[in-house]
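Below is one structure; the comments refer to it alone.
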Amino acid sequence: MIWLTWRQFRGPALMMAGVLTVFAAALAFTGPGLADDYAQGIAACTGQEGGCTRFLDRFLDSHQSAFLGVSGLLLLLPGLIGLFWGAPLVAREMETGTLRMALTQSVRRTRWFAVKIALVGLATMVAAGIGTLAVTWWASPLDKSAVSSYPRLEAIVFATRGIVPVGYAAFAFALGVTVGMLVRRALPAMAITLAAFALVQIAMPMFVRPNLAEPVKATATFSTANIDGVGEGGLLHVQAGVADAGAWILSSRTVDKDGRTVAVIDLPDADMAKCDAPRQPAKAMQCVADTANRLGYRQEATYHPSSRYWRFQWTETGIYLALALGLTGFSFWWTKRRL
Amino acid sequence: MSTVIRARGLGKKYRQRWALQDCELELPAGRVIGLVGPNGAGKSTLLNLAAGLLAPSSGSIEVCGGPPAADVAQLARVGFVAQDTPTYGRLSVADHLTLGRRLNPGWDDAVARERIDRLGLDPKQRAGTLSGGQRAQLALTMALAKRPELLILDEPVASLDPLARREFMQLLMEAVAEQELSVVLSSHLVSDVERACDYLVVLVDSRVQVAGDLDELIATHHRLVGARRDPATLPGSQQVISASHTDRQTTLLVRTQEPILDPSWSVDGINLEDLVLAYMDKSAPVVRRPRLEVQR
């Protein structure tokens, strides 16, 4: 049975191995250069006035398309595996009638299915594992410089690093197999698998991941660090004030002393006049911040600290693996009773 | 006489529709059994149930003394050639033999190779590029090399041209002569059945209309032609299968074990096709008397 499964799966497996080899080779080729540039840049800017913020921004900027491209490829991988390996696994055999040949050999149908799903499922997880390993290694200097614009917990970076891609791939594969079994035709099964997997992948970071743990609530006062600028007539523009640079900010709002959300802080003209110090913008800023604090304005934010990264990775991987197991269990039952 | 397939109240339901219902069937071992009937009679469903590919919705079926596909031993006892004889298009002929060898404990590799050789199939050729006839022969070779006790063929030649059909049937007949096995073959072509089978089952609307040794069935069915009369006036030993009347003349197809002595009839033998058609004909009077099993 292992022989037959391998014989059928050989083509797709070799193709995936080829694609992954090219992908990994490209990353291996560019990765060390990227890491060197980063190390040199950091060494040059450390201790200088203004710190490394400008270098980090420039570094990310110059590699942004590669950063997003590589991440995007890995984002697609699990879906593609579900599509091309999962959906046709049983559906194609139903379509061509070879299912009837397979199930009338002297092999129990549960064993037939077990070997198929175990072998191809394992290959799925290995492929995704190699992919994420390569990308996580390659992108680590970029991830460090992208801490504030692409926090590690947020959609694209979170989904394409660490161990979650393995969970995604296992789920996509099991989903494809199950859908194929129910739909009995490979092409419609592939379409349905893609749509369903995309839905889950959109719903997960929007509705589930934020609730994997209780978000941290933080209330911050104003300082020169979190004020973007002062507009005409004393309007204060503020940005989220969370001390943790890599935090995943779920919400950030400004409230007045009664706890009402305000869009902008409208300081009285009299207070603004007191702060007017054209020659010393920093001092003026500080004065405006103090005034806002005195009037009871606060910045409230909810967020997940960056330290929760691995906890979230494991939890989310666990959820996807559990879904994959559930689907596999169902398809086993279906194989036994209904196929 | 041992039984190779036994069905009791067997039924299979797809959603709302019964494909097979209340089927009672007992097929003897060691015969080449032709299963004929109109489309939709449930032939294919019955054979898929016997091969264990489908599970019954009601009733039970036993194959070679046990439930079909219950375990590896049961699976090994039954060879199956599915409708349209599917094969793995991307696998070569040799791959198919390897598949059979690895998935069947009783696989007879020498016979399989010898047969492929004799058929002139190139072992390296992909099954997807074989002609319909060659594909059917490959499927049959695989089912035979498994050394089953029972070989089930579900309309194996339906989509083949006459020459390929003849070659396929020839291969089947040779195998039956060499190996000791029971064969159940469904077909809607009476000529296939006539050439290959020695036992006939006519299935209409899930019901066995007639079952018996082919020669005996032919010998015990007669066409009677005579002056118009009511079929009910016939002796009790003569079962009327079909009756047609013109103004003056009555033509009957009767089944009887006894010689027809009534001189007012002109008695003719019938061929298999007439017999099958008579049983398949819906307009035939539905005589609800117990089916007569042919005595052997």
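Just so it is clear, the model here is predicted, and its values are computed rather than measured. Throughout, a chain's letter reflects where its sequence line sits, starting with A, and its residues are numbered from 1.
Of all heavy-atom pairs between Arg109(A) and Gly52(B), the closest is NH2-O, 3.1 Å. Across all their heavy atoms, Pro86(B) and Thr96(A) have their closest contact at CB-O, 3.4 Å.
Of the two parts of Ala73(B), neither the backbone nor the side chain holds a non-hydrogen atom closer than 4.5 Å to a non-hydrogen atom of chain A. Of the two parts of Thr98(B), the backbone and the side chain both hold a non-hydrogen atom closer than 4.5 Å to a non-hydrogen atom of chain A. For Arg111(A), no part lies under 4.5 angstrom from a heavy atom of chain B. When heavy atoms are compared at a cutoff of 4.5 Å, Ala76(B) approaches chain A by way of both its backbone and its side chain. Within the 4.5 angstrom heavy-atom criterion, only backbone atoms of Val78(B) (N, CA, C, O) approach chain A. Of the atoms belonging to Leu4(A), it is side-chain heavy atoms, and not backbone ones, that fall under 4.5 Å from chain B.
By the 6.0 Å contact criterion, CZ on Phe84(A) is open, its count of non-hydrogen atoms from other residues, nucleotides or ligands being 12 or less. Within 6.0 Å of CZ on Arg101(B) lie more than 12 heavy atoms contributed by other residues, nucleotides or ligands. For Trp334(A), the CH2 atom sits in a packed shell: over 12 heavy atoms of surrounding residues, nucleotides or ligands are nearer than 6.0 Å. Environment of CZ in Arg185(A): sparse, with no more than 12 heavy atoms of neighbouring residues, nucleotides or ligands closer than 6.0 Å. Atom CE of Met15(A) is surrounded by 12 or fewer heavy atoms from other residues, nucleotides or ligands within 6.0 Å. For Leu187(A), the CG atom sits in a loose shell: 12 or fewer heavy atoms of surrounding residues, nucleotides or ligands are nearer than 6.0 Å. When the shell of 6.0 Å around CD1 of Ile2(A) is examined, it contains 12 or fewer heavy atoms from other residues, nucleotides or ligands. For Lys13(B), the NZ atom counts as densely surrounded, since its 6.0 Å shell holds more than 12 non-hydrogen atoms of other residues, nucleotides or ligands.
Taking CD of Gln8(A) as the reference point, atom CG of Asp95(B) lies at 10.5 Å (rounded to 0.5 Å). Within the model, atoms CG of Leu103(B) and CE of Met101(A) stand 10.5 Å from one another, a figure rounded to the nearest 0.5 Å. Distance check: Gln105(A) CD to Leu99(B) CG gives 5.5 Å after rounding to the nearest 0.5 Å. Atom CZ of residue Arg108(A) and atom CD of residue Gln74(B) lie 11.0 Å apart, to the nearest 0.5 angstrom. To the nearest 0.5 Å, atoms CG (Leu54(B)) and CG (Leu103(A)) are separated by 10.5 Å. Between atom OG1 of residue Thr98(A) and atom CZ of residue Arg90(B) there is a gap of 12.0 Å, rounded to the nearest 0.5 Å.
Using a 4.5 Å heavy-atom cutoff, the side chains of Arg100(A) and Gln83(B) are in contact. Within the 4.5 Å cutoff, side-chain heavy atoms of Leu53(B) are placed close to those of Thr104(A).
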